[in-house]
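Notes to accompany the following structure.
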Protein chains: 2
Amino acid sequence: MQADHLLFTGVIRGSDDNKLGNVVESWSMSHHSADDADPKPSRIQMRNRKRILEAALDVFSQHGYRGATLDQIAESAGLSKPNILYYFSGKEDIHVTLLNGLMDTWLAPMREIDPEGDPLNEILRYVRRKLEMSREFPRESRLFANEVLQGAPRIGPHFGADLKPLVDETAQLIESWSKQGRLAPVDARHLIFSIWSTTQHYADFDAQVQALLPDDDTHAGAQEFLDTLYKRLLSP
Amino acid sequence: MQADHLLFTGVIRGSDDNKLGNVVESWSMSHHSADDADPKPSRIQMRNRKRILEAALDVFSQHGYRGATLDQIAESAGLSKPNILYYFSGKEDIHVTLLNGLMDTWLAPMREIDPEGDPLNEILRYVRRKLEMSREFPRESRLFANEVLQGAPRIGPHFGADLKPLVDETAQLIESWSKQGRLAPVDARHLIFSIWSTTQHYADFDAQVQALLPDDDTHAGAQEFLDTLYKRLLSP
DNA sequence: GCGTTTTTTTACCATATGGTAAAACAACGA
DNA sequence: TCGTTGTTTTACCATATGGTAAAAAAACGC
C-alpha cells in the first residue's frame with residue numbers, strides 16, 4: 001500500500017471495509033429510519049462525500065474547527081453549501097466524520113509494532129513511520145493537533161475507547177522488553193509521547209521549522225536525528 | 001526572577017521594564033499622533049489593559065484566534081465590548097499584542113544558556129526550564145501552538161527577526177561543543193526542535209496526556225524521562 | 001417514455017460577531 | 001466649581017455564517 005493517501009485510501013482503491021466505508025455507513029444511518037437495511041450508497045454519494053471530506057480536511061486542518069466555514073468547504077469541494085448539507089447533517093458532522101476516519105489510520109503504525117521483532121528495531125521502525133506520516137499527511141496531523149489543542153471536545157471519547165487500550169498494551173510490551181534487558185530502561189508512556197511529539201512537530205509546526213531550517217534537507221535531517229536520538233536512548 | 005509568572009510578571013509585580021510595559025507603550029503609539037512624547041499611561045489604563053490581555057490569553061489559548069470572540073474576552077475581563085475596543089483597536093490588535101509580549105519571554109530560557117557553563121548541564125537545565133514553562137504556562141504554550149499551527153500568520157515576521165538569530169547562535173554554540181567533544185555529535189537544530197516538541201507537548205496535548213497517563217505523576221515522570229533522554233543522547 | 005426517487009439549486013432566515021457613533025459619566029487640573 | 005480630558009455605556013450596524021424550505025433538475029427503474 002502506497003503512502004500517498006491515508007484517510008481515503010480504501011475507498012479510492014475500492015475496498016469496502018475501511019474508514020470511508022464506515023463514514024458512508026454512518027451517513028446512511030442518519031438519513032434512514034433504523035428499521036430498513038442500509039441501502040448501499042450510490043456512486044454519486046460516494047464521490048461527493050469523498051470530495052466534501054477532502055475539502056473539509058484542507059479547510060479544517062488549516063483554520064481549525066471554528067476558523068473553518070461551510071462556504072470554504074463548499075467552494076473547495078466544488079459544491080454548493082446546501083448541497084453539502086444534503087450529505088452531512090452539519091458542520092460538526094463533517095468534522096467528527098473526519099476525525100473518526102482518521103483515528104484508525106493514525107494508530108495503525110503503533111498497531112504494527114511486532115512483539116516478536118527485535119525491540120530496538122521495532123521502535124525505530126515505528127519512529128520512521130510516524131515521521132513519514134508527518135511528511136505525507138501534514139493535514140491529518142494538523143487536524144488532530146487542532147482538535148487536541150482545544151481540549152479534544154469531539155475526539156475525546158475515542159481516547160478512552162481506542163487510544164488508551166492500545167497505548168497501554170504497547171507500553172506494557174515496551175516495558176517487558178526493558179525488563180528483559182533488550183531495551184535500556186525507560187518509562188514507556190513518556191517514550192511514546194516523545195515519539196509522537198518529535199515526529200508530529202515537523203507537520204504541526206512546519207511554519208516554524210521552515211523559518212529556521214536551511215531548507216530542503218528538513219526531512220532527511222529529521223530522520224537521521226531521530227534515529228540517533230532513539231538509538232542512544234534505547235540501546236541496552 | 002521566579003518562574004511563576006511569565007507574560008504578566010513584571011506588571012503584576014510592579015516592575016516597569018518588561019513585556020507588558022512594552023505592550024502599553026505600543027498602545028500609546030497607536031492612539032496619539034506621533035509628534036508628542038508618550039504620556040505615561042494612567043493607573044487605570046494599565047489595569048484595564050492587563051485585565052483584557054489576561055482574559056484574552058484565556059480565551060485565545062482555549063479557542064484559537066477565530067474561535068475566540070470579543071464578547072467572551074469582554075465577559076472574562078469584566079468589561080463591555082466597546083470598552084475593550086477603547087483600549088485595543090480590534091481583535092487582531094489584542095492577539096498581536098499578546099503574541100509580541102510572549103515572544104521575548106518564550107525565548108528567555110534559550111538566551112540563558114551559558115556558553116561558559118558545562119555543555120550537558122546547560123542543555124539539561126534548558127530542557128528542565130522549558131518543561132517547567134509547559135507546566136506553569138500552558139495557556140501561553142497553547143496560544144503559541146495555535147498560532148504556528150495556522151501557519152503563523154501574525155507571528156511569522158518575528159521568526160526571522162527574533163527567533164532565527166537566536167536559534168542560529170545557539171545551534172552554533174551547541175555544535176562547537178560537539179566538535180570539542182564535550183557533547184556527543186548531534187544536529188543542533190533538530191535537537192532544539194526535539195526539546196521544544198517534547199516539552200511543549202505536555203501543555204499543548206494535555207487533553208491527550210491526561211487521558212493516557214495514570215495521573216498525578218505526569219510532570220515528575222516527564223522530568224525524569226526527558227532528563228534520561230537527553231543525557232543518553234548527549235553524553236560524550 | 002414515464003413516474004418515482006435522488007440530487008442540486010434558489011431564495012431565504014436567525015443568529016453571532018466585529019465594530020462604530022455618540023451620549024453619559026467620571027476624573028482631574030485650575 | 002467649572003471646564004476639560006479620559007472612560008464607560010447605550011444603542012446600533014453590516015456582514016458572515018450555519019442552517020432550512022421548497023422548487024427545479026437529474027437519474028433511475030421499468
Side-chain angles (χ1 to χ4, degrees), chain A residues 24-25 27-33 36-53 55-56 59-60 62-98 153-154, chain B residues 24-25 27-33 36-53 55-56 59-60 62-98 153-154:
Chain A
V24 174
E25 261 174 60
W27 169 84
S28 310
M29 296 293 288
S30 66
H31 278 245
H32 295 274
S33 53
D36 60 338
D38 264 357
K40 54 190 61 175
S42 70
R43 199 67 20 81
I44 197 169
Q45 283 171 349
M46 296 277 277
R47 177 173 54 83
N48 282 349
R49 281 183 65 92
K50 232 176 8 184
R51 276 192 189 172
I52 292 169
L53 290 175
V59 177
F60 280 130
Q62 191 158 35
H63 304 288
Y65 180 74
R66 285 239 19 209
T69 72
L70 284 182
D71 290 292
Q72 286 175 295
I73 297 174
E75 150 118 50
S76 171
L79 298 172
S80 69
K81 182 166 64 175
N83 202 2
I84 280 185
L85 292 168
Y86 172 73
Y87 290 98
F88 291 89
S89 72
K91 185 183 178 182
E92 177 151 4
D93 185 22
I94 303 177
H95 194 240
V96 168
T97 300
L98 226 32
R154 276 167 280 275
Chain B
V24 174
E25 262 173 61
W27 169 83
S28 310
M29 299 292 290
S30 66
H31 278 246
H32 296 273
S33 51
D36 60 338
D38 264 358
K40 54 189 60 177
S42 69
R43 199 66 18 84
I44 198 168
Q45 283 171 348
M46 296 276 280
R47 177 174 53 84
N48 281 349
R49 280 184 66 92
K50 232 177 6 185
R51 277 191 189 171
I52 293 168
L53 289 175
V59 177
F60 280 130
Q62 191 159 33
H63 303 290
Y65 180 75
R66 285 234 27 205
T69 71
L70 285 181
D71 290 292
Q72 286 175 294
I73 297 174
E75 151 117 50
S76 172
L79 298 172
S80 69
K81 182 166 64 175
N83 202 4
I84 279 184
L85 293 169
Y86 173 73
Y87 289 99
F88 291 89
S89 71
K91 185 183 179 182
E92 178 151 5
D93 185 22
I94 303 179
H95 194 240
V96 169
T97 300
L98 226 33
R154 277 168 277 276

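Since this is a predicted model, take the numbers as computed values, not measurements. Naming: A, B, ... by sequence-line order, numbering from 1 per chain.
- For A/Q45 and C/dT7, the shortest distance from a side-chain N or O to OP1 or OP2 is below 4.0 Å.
- For D/dT8, the OP1/OP2 oxygens have a side-chain nitrogen or oxygen of B/N48 closer than 4.0 Å.
- At a threshold of 4.0 angstrom between heavy atoms, the contacts of B/A68 are confined to the sugar-phosphate backbone, with no base atom among them.
- No hydrogens or angles considered: a donor-acceptor pair under 3.5 Å links the side chains of B/R154 and B/H95.
- The two residues B/I73 and B/I52 have their closest heavy-atom pair at CG2-O, 4.1 Å.
- The side chain of A/Y86 contributes an N or O atom lying less than 4.0 Å from OP1 or OP2 of C/dT7.
- The cationic group of A/K91 does not satisfy the cation-pi geometry with A/F60, failing either the under 6.0 Å distance to the six-membered ring centre or the 45° limit from the ring axis.
- For B/S76 (side chain) and B/Q72 (main-chain N/O), no donor-acceptor pair under 3.5 Å exists by modelled atom type.
- Separating the CD1 atom of A/I52 from the P atom of C/dT7 is a distance of 11 Å, rounded to the nearest angstrom.
- Nucleic acid contact class of A/S80 (heavy atoms, under 4.0 Å, all strands): base.
- Of the candidates C/dT9, D/dT8, D/dG18, the closest approach to any side-chain atom of A/L70 belongs to D/dG18.
- With the nearest nucleotide of DNA chain C identified for both A/P82 and B/D71, A/P82 has the one nearer the 5' end.
- Taking only side-chain nitrogens and oxygens, B/R66 comes nearer than 4.0 Å to OP1 or OP2 of D/dT17.
- One donor-acceptor pair, N or O on each side, does fall under 3.5 Å between the base of C/dG18 and the side chain of B/K81.
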